[in-house]
Amino acid sequence: MSTSESIQMAGMGDGTSRTCPLPEPLRLPQPGEHQHQPAEHQHQDAVAAPLPQLMNLARYHTQPALTIRTEEPPPLQRVRTVSRSDSTRDRRFDHFKTFSGRLERQLSNLRGVAVDIEPAAADSNSNKMISEEETDDGGGGREVPTADRYFAALEGPELETLRPTEVSVLPEDETWPFLLRFPINAFGMCLGVSSQAMLWKTLQSEPSMAFLHVSPAVNNALWWVSTSLMALISFIYLLKVVFYFEAVRREFHHPIRVNFFFAPWIACLFLVKGMPYPVTDINHVVWYILMAPILFLDLKIYGQWMSGGDRRLSKVATPTNHLAVVGNFVGALLGAKMGLREVPIFFFAVGVVHYLVLFVTLYQRLPTNAQLPKELHPVFFLFIAAPSVASVGWARLCGEFNYAAKILYFTSLFLYMSLVVRINMFRGVRFSLAWWAYTFPMTSVAIATAVYASAVTNVLTRALAVGLSGVATVTVAGVLVTTVYRAFVRKDLFPNDVSIAVTQRPKAKFGKILAHIRASGDGVKDLVFAVSRHGGTSGSDTNSASESPSPMARGRRRAEP
């Protein structure tokens with residue numbers, strides 16, 4: 001059964017269908033029709049189209065759609081539509097997407113638009129070729145830049161700034177999608193707010209703070225706020241894992257950014273510790289589930305510190321590395337409160353050993369290397385987080401605030417005072433997510449002071465506990481309000497995350513130039529091939545005549561009389 005297909009271009013512009021009539025469908029002749037049609041009819045068909053209709057056919061409409069109809073019975077008739085926007089879709093972010101565009105096609109099918117025919121225009125082919133070349137040069141693919149590549153392409157103590165000689169994989173002159181701009185550092189907000197819930201529960205339960213008469217409603221409200229924030233941040237980052245998994249992989253392989261992968265689990269431990277209900281009523285399985293990822297990260301991070309290479313501690317040591325240690329102390333503290341004994345001591349011992357190594361390394365490294373910029377000065381407060389949490393954890397494991405716990409507490413208190421008196425560290429610091437590094441350590445010192453005041457009860461310790469708790473609460477409230485203002489009013493809280501846009505190879509510009517040359521057209525290719533053939537022929541003769549003889553030929557010439 002012979003069928004004929006008609007192709008019709010339907011304009012999508014505003015009002016174009018009202019002013020100009022739709023052209024007649026172009027009939028595609030079936031094979032053999034031209035053989036039986038006389039030449040006169042062919043000439044009449046060629047002249048039959050009037051001039052206005054030809055002009056309408058040449059008119060361009062915005063976003064036309066290609067519709068193919070077959071002359072079959074209505075029940076079997078198929079209509080297939082190809083959106084021309086698919087050929088001009090921005091493909092620069094595709095190599096960071098998990099599904100690489102397959103999700104868009106699935107959503108189109110769910111909306112009832114079946115995309116069966118791929119556009120075969122020359123411009124789309126060239127765009128695809130350029131996109132693939134940029135992806136290969138950019139190192140998107142399925143490979144992640146190594147640690148030495150991050151050090152070579154980024155600068156600054158936290159490796160957050162792209163060097164001037166480098167080319168970003170993603171466009172630098174426009175705003176990226178929100179999920180690509182949402183970093184793992186955002187979990188620092190969860191640390192600050194959830195630690196506040198734990199602080200107010202401590203003020204409510206500690207005997208030394210009974211004179212404050214803290215209502216349980218304060219802890220209850222803070223716990224629900226911190227839980228909601230944790231759920232929101234986790235949901236957004238989970239979307240990033242689903243849709244932009246390659247960007248998450250780059251963050252995990254970043255030698256500095258990997259430390260923030262401890263933050264969500266530490267925040268969950270804070271939430272369990274700060275629950276309005278008694279911690280002893282919680283099943284021990286919850287503790288093991290939360291500590292399993294921390295153990296996995298400990299094995300990875302500490303192994304890299306010890307085994308050397310580009311991720312050795314002497315090269316990657318920054319104050320953010322304290323996050324890789326704090327999780328062990330928080331886990332030991334919560335495990336001791338829940339009634340566990342041996343496993344919390346194991347995590348505490350691992351944390352103490354690596355904290356001592358990290359503390360000494362940072363003291364030796366920071367004075368001899370580039371200083372932290374003002375925007376990263378808040379991360380210095382992470383120095384006081386580990387010893388303050390460790391003091392409370394050891395006190396819970398031993399059942400008393402003994403000498404070891406006091407040594408750790410006094411160390412954190414001295415570091416706290418040594419940072420607070422440096423007023424210049426707080427001047428001219430532009431707001432960023434790094435400001436949340438103030439909140440968690442200040443709250444940890446306040447909690448340790450409240451527990452210490454229960455062991456050594458006097459007016460000074462109580463006043464110190466109240467004062468540090470007030471400073472921590474005001475700091476968290478101020479940073480939280482500023483964060484909400486920058487996120488929803490000024491909308492500049494999440495700039496382009498250039499640290500994940502590192503190319504796989506140092507020189508990506510040359511590859512892009514080659515891609516444009518290969519996609520520039522057949523005329524240029526023919527010219528290049530013709531020049532190469534001509535040059536190769538003449539060059540080969542010239543080279544053969546001018547190249548120096550081989551040593552064997554020179555020896556033969558000397559042997560001739």
Side-chain angles (χ1 to χ4, degrees), residues 187 189-207 209-210 214-235 237-238 261-298 323 325-351 385-386 388-401 405 440 443-444 446-448 450-451 454 469 476:
F187 281 98
M189 296 185 284
C190 302
L191 286 176
V193 180
S194 59
S195 61
Q196 276 291 303
M198 193 170 69
L199 169 63
W200 284 91
K201 184 178 182 180
T202 304
L203 296 178
Q204 174 193 344
S205 59
E206 287 297 325
M209 299 290 104
V214 178
S215 174
V218 179
N219 175 34
N220 195 1
L222 286 174
W223 188 83
W224 281 109
V225 170
S226 57
T227 303
S228 302
L229 181 62
M230 181 67 187
L232 177 63
I233 300 297
S234 301
F235 176 73
Y237 201 79
L238 183 61
F261 282 85
F262 287 90
W265 309 107
I266 299 175
C268 290
L269 293 172
F270 280 160
L271 288 177
V272 176
K273 178 66 173 62
M275 288 183 64
Y277 312 102
V279 179
T280 54
D281 298 340
I282 302 174
N283 197 318
H284 293 171
V285 178
V286 176
W287 185 84
Y288 285 105
I289 292 176
L290 294 179
M291 293 304 296
I294 293 181
L295 177 61
F296 168 76
L297 291 172
D298 285 346
L323 292 174
V325 180
V326 172
N328 296 278
F329 298 138
V330 178
L333 170 61
L334 179 60
K337 289 288 292 183
M338 296 176 66
L340 298 173
R341 189 71 177 176
E342 297 300 325
V343 184
I345 293 178
F346 164 77
F347 280 99
F348 188 89
V350 172
S388 58
V389 177
S391 63
V392 180
W394 185 252
R396 299 307 185 193
L397 287 172
C398 298
E400 60 176 348
F401 211 93
F440 160 52
T443 306
S444 302
I447 294 173
V451 177
S454 298
S469 300
V476 172

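The structure displayed is predicted, hence computed values, not measured ones.
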Asker: Determine whether Met209 and Val214 make a side-chain contact, defined as any pair of heavy atoms from C-beta on separated by less than 4.5 Å.
Answerer: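 No - every pair of side-chain heavy atoms lies 4.5 Å or more apart.
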Asker: So Leu340 and Met291, do their side chains get closer than 4.5 Å, heavy atoms only?
Answerer: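 Side chain of Met291 against side chain of Leu340, heavy atoms only: no contact under 4.5 Å found.
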Asker: Would you say CH2 of Trp287 has more than 12 non-hydrogen atoms from neighbouring residues, nucleotides or ligands within 6.0 angstrom?
Answerer: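 Counting other residues, nucleotides and ligands, CH2 of Trp287 exceeds 12 neighbours.
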Asker: For the residue pair Ala267 and Cys190, what are the closest heavy atoms and their distance?
Answerer: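 Between these two residues, the closest heavy atoms are CB-CB, 3.9 Å.
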Asker: When the side chains of residues 325-336 are checked against the rest of the protein, which donor-acceptor pairs come out under 3.5 Å, sequence neighbours left out?
Answerer:
| residue | atom | partner | partner atom | Å |
| --- | --- | --- | --- | --- |
| Asn328 | ND2 | Asp298 | OD2 | 3.4 |
| Asn328 | ND2 | Tyr302 | OH | 3.1 |
| Asn328 | ND2 | Val325 | O | 3.4 |

Asker: Ignoring hydrogens and angles, state whether a donor on the side chain of Gln196 or Trp200 is under 3.5 Å from an acceptor on the partner side chain.
Answerer: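 Gln196 vs Trp200: donor-acceptor pair found between side chains.
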Asker: Can you tell me how far the CD1 atom of Ile266 sits from the OG atom of Ser195, to the nearest 0.5 Å?
Answerer: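 So the CD1 of Ile266 and the OG of Ser195 are separated by 11.0 Å.
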Asker: Please name the pair of heavy atoms, one in Ala405 and one in Ser391, separated by the smallest distance, quoted to 0.1 Å.
Answerer: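 Shortest heavy-atom contact: O-CB, 3.3 Å.
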Asker: What's the separation between atom OH in Tyr237 and atom CZ in Phe261, rounded to the nearest 0.5 Å?
Answerer: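 So the gap between those two atoms works out to 4.0 Å.
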Asker: Return the minimal non-hydrogen interatomic distance between His284 and Met338, and the atom names on each side.
Answerer: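 Smallest heavy-atom distance, with atoms named: NE2-O, 2.9 Å.
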Asker: Does atom NZ (Lys273) have a neighbourhood of more than 12 heavy atoms from anything else shown, all under 6.0 Å?
Answerer: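 More than 12 within 6.0 Å, yes.
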Asker: Side chain of Lys337, backbone of Pro278: donor and acceptor closer than 3.5 Å?
Answerer: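 Flag not set: sc Lys337 to bb Pro278 has no pair under 3.5 Å.
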Asker: Distance check, rounded to the nearest 0.5 Å: Phe347 atom CZ versus Leu397 atom CG?
Answerer: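 So the CZ of Phe347 and the CG of Leu397 are separated by 12.5 Å.
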Asker: Nearest 0.5 Å please: distance from the CG atom of Leu222 over to the CG atom of Leu271.
Answerer: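 Rounded to the nearest 0.5 Å, the CG-CG separation comes to 11.5 Å.
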Asker: Minimum heavy-atom separation for Ser234 and Phe187, please, with both atom names.
Answerer: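 Ser234 and Phe187 have their closest heavy atoms at OG-CE2, 3.7 Å.
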Asker: Please report the interatomic distance CG(Asn220) to CE(Met275), rounded to the nearest 0.5 Å.
Answerer: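 Asn220 CG to Met275 CE: 10.0 Å, rounded to 0.5 Å.
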Asker: Of all the heavy-atom pairs spanning Met230 and Pro264, show the shortest one and how long it is.
Answerer: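 Closest approach of Met230 to Pro264: CE-O, 3.4 Å.
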Asker: Restricting to non-hydrogen atoms, name the atom on Ala448 and the atom on Val392 that form the minimum distance, rounded to 0.1 Å.
Answerer: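 Nearest pair, atom of Ala448 first, then Val392: CA-CG2, 3.5 Å.
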Asker: With sequence neighbours excluded, tell me which residues meet ring-ring contact (aromatic ring centres under 6.0 Å, His included) with Trp394.
Answerer: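 Scan of Trp394 (ring-ring contact (aromatic ring centres under 6.0 Å, His included), adjacent residues dropped) gives Phe348.
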Asker: What is the distance from atom CD1 of Ile233 to atom CE of Met189, rounded to the nearest 0.5 Å?
Answerer: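 The distance works out to 3.5 Å.
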Asker: Answer yes or no: is there a side-chain heavy-atom contact under 4.5 Å between Leu191 and Phe262?
Answerer: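 Contact flag for Leu191/Phe262 side chains = no.
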Asker: I want to check something: taking the side chain as every heavy atom from C-beta on, are Leu203 and Val218 in contact at a cut-off of under 4.5 Å?
Answerer: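 No, every pair of side-chain atoms sits at 4.5 Å or beyond.
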